[in-house]
Amino acid sequence: MVVLIDSNNFYVSVERAFQPYLKNVAGCVMSNGDGCAIALSNEAKQLGIKRGTPFFELRDMLNQGKVWWRSSNYTLYQDMMRRITKIIKRSFPDQEIYSIDECFCDVSGHRYENLEDKGVELRARILKWVGVPVGIGIAPNRTLAKIANKLSKNTETGVFMMDTPAKIEEGLKATEIDDVWGIGPRYAIKLIQEGVYTAWDFIQLPEDYVLKLMTIQGRRTYRELKGEKCMPMEYDRPDKQAIATARSFRGFERELPPMEEALANYVANAALKLRSQRSVCAKIFVYAHTSRFAVITDRYSAGQEIKLEVATNDTALLIKEAVRALRMIFVKGYRYQKVGIELKELKPENQVQSSLFDRVDAGKNEKMQKALRAIDGMNAVYGKDTVRYAVMGYEKKWFMKQEYLSRKFTTRLEDIIVVKAV
Amino acid sequence: MKEITLYQKGSATILIPLFTERIHAGFESPAADYEEASIDLNDYVSKYPEATFFARVEGDCMIGSGILPDDLLVVDRSLVQQNGDVVVGEYNGEFILRSYYKKGSRVFLMPDNKMYKPIELTDGMVFNIWGVVPHTIYNQRRRNGGRVNRFEQLLR
């Protein structure tokens, strides 16, 4: 059996755990850069707010105080996720962290007297220990566990176990085809045209037909819905294939220097991620564009790819190349809204192939790696960007305001909650 | 059937003591076999680090329990409150510090300072226990000034 633990409105729940006055009031958490809503409380959903609603459309409701909002506080969410994962591990040790708010546990190697009770107990513990409500779905495989998890939100206990054919039938009949994990919108449309509305309708199709209509992945989903276990757990998720950072400016930028400064900061951030997964990148892609709401003659968008001579994760080299790329695409006279970078063709650090014309000799490279590790170490201890490249600047004028960022309640002593003894 | 013992991988916070004595080549330190992990205060203040949070005190209503303004609270959310426990509660959308006191079927949130009134929990009140405070941390050096004043008076 597979257990799927999924936090309900995770970011909103975490904000509320440390700011009780946000409870029972509609609220949302904005994307990085405060562009649009990415997490909503149930009350906000009832007001008709949707994920992805842009900030400016919400402005009236926010100003009237009908809805609270916060910038996304990833440090806090990550720490809470880590805590929840640890609590889960005490109950179910074989776990795969699927996303920041979802965790699959394979319990086939264990024997439990009553798995559903164990789920109920775990749910209560997570709620008490960290204040985050979760839903728990239990089923024979991952695809069915996803369905059971969705149905758990309507149960009184917050736990739904689909362990008998009758319960599976009930679950599949209650699941619309486009809500099935692994069936994308393109196939969902195709299937609906064929008269397949629910997951139950889907498994009534002959297998050959599914294979013809979809792909081998479609067949896998089909078999899992029928109760077979086709997807193995991925305990070690593969490292990312590309790292991208981009953010909107607070207003607009017309000049090259502030854009270079912003870009350098994004590159430094991305390079840090690259080093933390012990990878290097062989290609970078830099892009910039004006607002898509600008009148057509004021619209501009361009990108430039640069293939690096030697794959690297050295911040200085990457900044230099990124700035060079930006200068190639920059055209004076436009009001730029965004600049971004993508690091591509990532590979493990130890598989770097030096170029025949490599001017960086091995000894110097090793020294550079040492220096970078020292910089990362210092920045980890003393705060982000304590040690920085001059081009990154100090003022961060270009930086989007994150005024509504909650404190780092769990990771910084100066940010912990204040308790009134009055 | 063979019995196997499972060990949990140690947490990253365990501190390994550094040898300060010089080790001569050829002779191993006789103390090497006696090496133990350093004392970790985290183990002492909480059983479950994932349920442990820290909080700062504002106000003096718990002064009788030795909790002063600005003190650091260790809040363990895994604990179930017992009679007399110091607790952090959610009350009117704020965090408050009180002692939990149950008498028969009545529950009171008690201050430990005569200047404050007890709060009795009644139906319709929105109150939740957020966590129990098993330990508090009092910064002695921040209070040096007050001590010096008292000593001055004593020695006068």
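Sequence lines set the chain letters: A, B, ... in the order given, protein chains first and strands last, and positions in each chain run from 1.
For chain A, the nearby parts of B:Pro49 are the backbone and the side chain; heavy atoms of each come within less than 4.5 Å. Contacts of A:Lys128 with chain B are made by both backbone and side-chain atoms, with heavy-atom separations under 4.5 Å. The contact between B:Leu72 and chain A is made entirely by side chain atoms (from C-beta outward), counting heavy-atom distances below 4.5 Å. Only the side chain of B:Leu73 comes within contact range of chain A, with heavy atoms under 4.5 Å apart. Only the side chain of B:Tyr116 comes within contact range of chain A, with at least one heavy atom under 4.5 Å from a heavy atom of that chain. Contacts between A:Leu413 and chain B at a heavy-atom distance below 4.5 Å involve backbone atoms as well as side-chain atoms.
Residues A:Phe92 and A:Tyr112 bring their aromatic ring centres within 6.0 Å. A:Tyr11 has its ring centre less than 6.0 Å from the ring centre of A:Tyr74.
For the residue pair B:Lys103 and B:Asn83, no side-chain donor N or O sits within less than 3.5 Å of a side-chain acceptor on the partner. No side-chain N or O of A:Ser152 forms a donor-acceptor pair with one of A:Asn154 less than 3.5 Å apart. For A:Ser406 and A:Asn73, the side-chain atoms include at least one donor-acceptor pair closer than 3.5 Å.
For the pair A:Arg82 and A:Tyr77, the NZ or CZ position fails the cation-pi test of under 6.0 Å to the six-membered ring centre and within 45 degrees of the ring normal.
The residue among B:Phe54, B:Phe95, B:Phe53 with the most heavy atom pairs within less than 4.5 Å of chain A is B:Phe95.
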